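These notes concern the structure reproduced below.
In what follows, every heavy atom counts, from backbone to side chain, and hydrogens, waters and symmetry copies are set aside. We number each residue from 1, following the sequence as shown. A quick note: this is a predicted structure, and the numbers were derived from the prediction, not measured.
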Amino acid sequence: MKRRIASWENGHSTPDDFYGPLLCEAYGLSAAELGLNHEGERDTGLLDASYPASPEGAIETVGLLWRADLNRYEPLLQAEPSEPAWNEASLRWLVAPEPAVPRQHRDGMRVGFGDVAAIKTTADMFAELDDRFGGDHARHAAVQYLSTEVTPLLRGQYTEQVGRALFSTVAEATLLAGWMSYDACRHGLAQRYFLQALRLAQDANDRRLAGSILSAMSHQATFLGRYTQAATLARAALMGISPVATPTLRAQFHVMEARALARTGDVRACEAALSAATGALESRNSDDEPEWISYFDETELAAEAAHCFRDVNSARQAVSHAENAMSGNHVRSDFFATMVLADAHLRAGDVEEACRVALDALDLGEQLKSARCVSYLAEFRQGLAAVGNTTEARAFTEQVGEHRLWVASEAHASI
């Protein structure tokens with residue numbers, strides 16, 4: 001380590017993806033301040049949220065994103081999402097020709113199905129950490145794995161069959177990086193990961209996964225207040241995979257559309273989309289579903305429906321669905337459902353019950369590092385302030401005053 005630092009200080013080398021972040025941490029400075037942004041020289045490609053034109057473009061761009069993220073390239077970490085990028089990606093994916101065959105890299109390492117299985121297993125581990133501890137817990141470690149271990153595989157030698165499997169698995173892992181970045185409210189970065197994941201899924205000829213990636217984009221767009229765009233993305237997902245869509249995927253896409261429509265206040269259309277989601281889920285056959293969509297069940301649907309009814313101010317229905325949305329298996333999802341239940345009680349005028357439920361959510365989320373969780377609390381804080389200085393509200397705020405997430409929500413609410 002000392003030799004590497006001395007070599008860098010003397011101008012003889014540039015720290016790699018592992019030592020670069022360590023130097024940033026040791027000196028308390030950003031990669032830009034230390035002059036480590038070797039990818040920053042090509043930052044126009046990173047900051048331009050465009051859909052890659054080829055498999056090679058996807059490999060190049062996603063590799064640059066991983067490295068820049070790993071080296072904490074601030075213009076990328078602070079980038080805003082681009083609404084035109086959502087339009088371009090969904091349209092280009094919908095009208096895409098036959099998937100391109102991943103090129104063969106003569107000088108790269110040989111890649112087989114065992115390598116693909118290793119990526120899948122590792123990504124599953126990071127997905128579990130993300131679910132239990134929030135996107136900001138292991139996000140950096142996940143990106144480091146992708147940059148260090150997966151980039152050489154994408155640039156390696158593989159048959160068409162292995163290449164398709166590789167692209168699909170890396171698309172799923174990049175989707176996870178996007179979700180983790182979204183949970184950390186790194187929205188421009190998350191969008192760029194979603195875009196690259198979509199292109200990789202396209203070249204893997206994995207239409208189902210590509211549809212799920214569009215659904216993730218819809219979820220983020222709703223969170224960011226781009227409701228019309230969110231509904232369009234959900235509809236594009238449904239249209240784009242209709243020949244191969246499974247009931248669970250159709251349910252997910254319908255409910256993403258419902259989430260967006262609820263925010264626009266279109267109650268009738270929202271309820272129609274929820275009804276379609278319920279009908280689709282009731283007809284599912286678990287044996288025919290992709291493994292990665294298995295989490296979407298009646299409990300998950302209830303959580304999404306609770307969001308919808310809360311947003312259209314149907315407090316009683318929101319309470320009913322939120323009470324059925326606690327899985328006990330997914331910490332962050334249960335936190336969100338619990339906070340929606342608290343919001344619903346608050347909107348129904350039951351301040352005491354709202355505070356009791358919010359306290360449960362804070363206990364549940366004590367281990368979560370998630371900016372999205374903080375945003376849910378900030379919204380509840382605003383609602384609580386709107387009801388006035390009641391005895392219940394004062395008792396609650398005194399009880400949770402030192403809680404990490406509650407403290408963070410105060411800063412978030414003031415933004």
Within a strict 4.5 Å, meaning less than it, do heavy atoms of the [X] and [Y] side chains meet?
X    : Y    : answer
V170 : T174 : yes
D363 : F335 : no
T159 : V162 : yes
V244 : I241 : yes
M239 : S242 : no
F133 : V331 : no
D360 : M339 : no
V400 : L359 : yes

Can you name the nearest heavy-atom pair linking [X] to [Y], along with the distance?
X    : Y    : result
S90  : L233 : CB-CD2, 4.0 Å
L76  : D69  : CD2-N, 4.1 Å
A322 : A306 : N-CB, 3.6 Å
L249 : P290 : CD1-CG, 4.4 Å
E298 : L281 : N-CD2, 3.8 Å
T246 : D288 : CG2-O, 3.6 Å

message: As a test of understanding, state which of K369, R332, R372 forms a salt bridge (charged side-chain N to carboxylate O under 4.0 Å, His left out) with D130.
response: R332
message: If you apply the rule side chain to side chain contact (heavy atoms under 4.5 Å, CB included), what do you find for Q220 with W179, and how did you get there?
response: CA-CA 9 Å; Q220 184 190 29; W179 275 113; over 6 Å; no
message: Pair S409, R381 - check side chain to side chain donor-acceptor pair (under 3.5 Å), show working.
response: CA-CA 8 Å; S409 74; R381 178 189 282 270; 3.2 Å; yes
message: Check this for me, if you would: do E56 and R155 make a salt bridge, where the nitrogen-to-carboxylate-oxygen distance has to be below 4.0 angstrom?
response: no
query: Is E289 salt-bridged to R284, going by a charged N under 4.0 Å from an acidic O?
result: no
What is the distance from atom [atom1] of [X] to atom [atom2] of [Y], rounded to the nearest 0.5 Å?
X    : Y    : atom1 : atom2 : result
L274 : E257 : CG    : CD    : 10.0 Å
I213 : L195 : CD1   : CG    : 10.0 Å
C373 : D183 : SG    : CG    : 6.0 Å
L368 : H137 : CG    : NE2   : 10.5 Å
T248 : D297 : OG1   : CG    : 9.0 Å
R192 : L64  : CZ    : CG    : 13.0 Å

Kindly say whether [Y] contributes a backbone atom to a donor-acceptor pair with the side chain of [X] at under 3.5 angstrom?
X    : Y    : value
N71  : R67  : yes
S283 : A280 : yes
S320 : R316 : no
Q191 : S82  : yes
R164 : D203 : yes
Q202 : A210 : no
R259 : V255 : no
R92  : Y51  : yes
Q157 : G108 : yes
S314 : Q317 : no

- request: Just jot down the side chain to side chain contact (heavy atoms under 4.5 Å, CB included) partners of E282, sequence neighbours excluded, or say none.
  value: T278
task: Take S181 and R139 through the test side chain to side chain donor-acceptor pair (under 3.5 Å) and record every step on the way to the result.
output: CA-CA 7 Å; S181 301; R139 197 188 75 82; 3.1 Å; yes
field: side chain to side chain donor-acceptor pair (under 3.5 Å) between N313 and R347, worked out
entry: CA-CA 7 Å; N313 292 316; R347 296 185 187 198; 3.1 Å; yes
[X] atom [atom1]: more than 12 heavy-atom contacts under 6.0 Å:
X    : atom1 : answer
Q161 : CD    : no
M125 : CE    : yes
R404 : CZ    : yes
E128 : CD    : no

- line: So ring pair (Phe, Tyr, Trp, His ring centres under 6.0 Å) across residues 226-267, not counting sequence neighbours, yields none
message: Enumerate the ring pair (Phe, Tyr, Trp, His ring centres under 6.0 Å) contacts for residues 285-317, please, sequence neighbours excluded, ordered by first and then second residue.
response: H307-Y376, F309-H321
message: Does H219 form a side chain to side chain contact (heavy atoms under 4.5 Å, CB included) with F194? I'd like the steps, not just the answer.
response: CA-CA 11 Å; H219 197 293; F194 289 150; over 6 Å; no
query: Within 45° of the axis and under 6.0 Å from the centre of the six-membered ring of W93, does NZ or CZ of R199 qualify?
result: no
message: Checking Q229 against N87 for the side chain to side chain donor-acceptor pair (under 3.5 Å) test, could you report, in this order, the C-alpha distance in whole Å, the side-chain angles of both residues, the deciding distance, and whether it holds?
response: CA-CA 8 Å; Q229 187 65 56; N87 293 326; 2.9 Å; yes
task: Please step through side chain to side chain contact (heavy atoms under 4.5 Å, CB included) for the pair T222 and M256, ending with a clear verdict.
output: CA-CA 9 Å; T222 294; M256 284 301 101; over 6 Å; no
task: With sequence neighbours excluded, tell me which residues meet ring-ring contact (aromatic ring centres under 6.0 Å, His included) with W406.
output: F396
- prompt: Which residues pass the ring-ring contact (aromatic ring centres under 6.0 Å, His included) test with H187, sequence neighbours left out?
  reply: Y182, F223
field: Check: Q78/Y73 side-chain N/O donor and acceptor closer than 3.5 Å
entry: no
message: Run S218 and R235 through side chain to side chain contact (heavy atoms under 4.5 Å, CB included) and show every step you take.
response: CA-CA 9 Å; S218 174; R235 291 167 187 152; over 6 Å; no
message: Under the rule for side chain to side chain donor-acceptor pair (under 3.5 Å), what residues qualify as partners of D206, not counting sequence neighbours?
response: S168
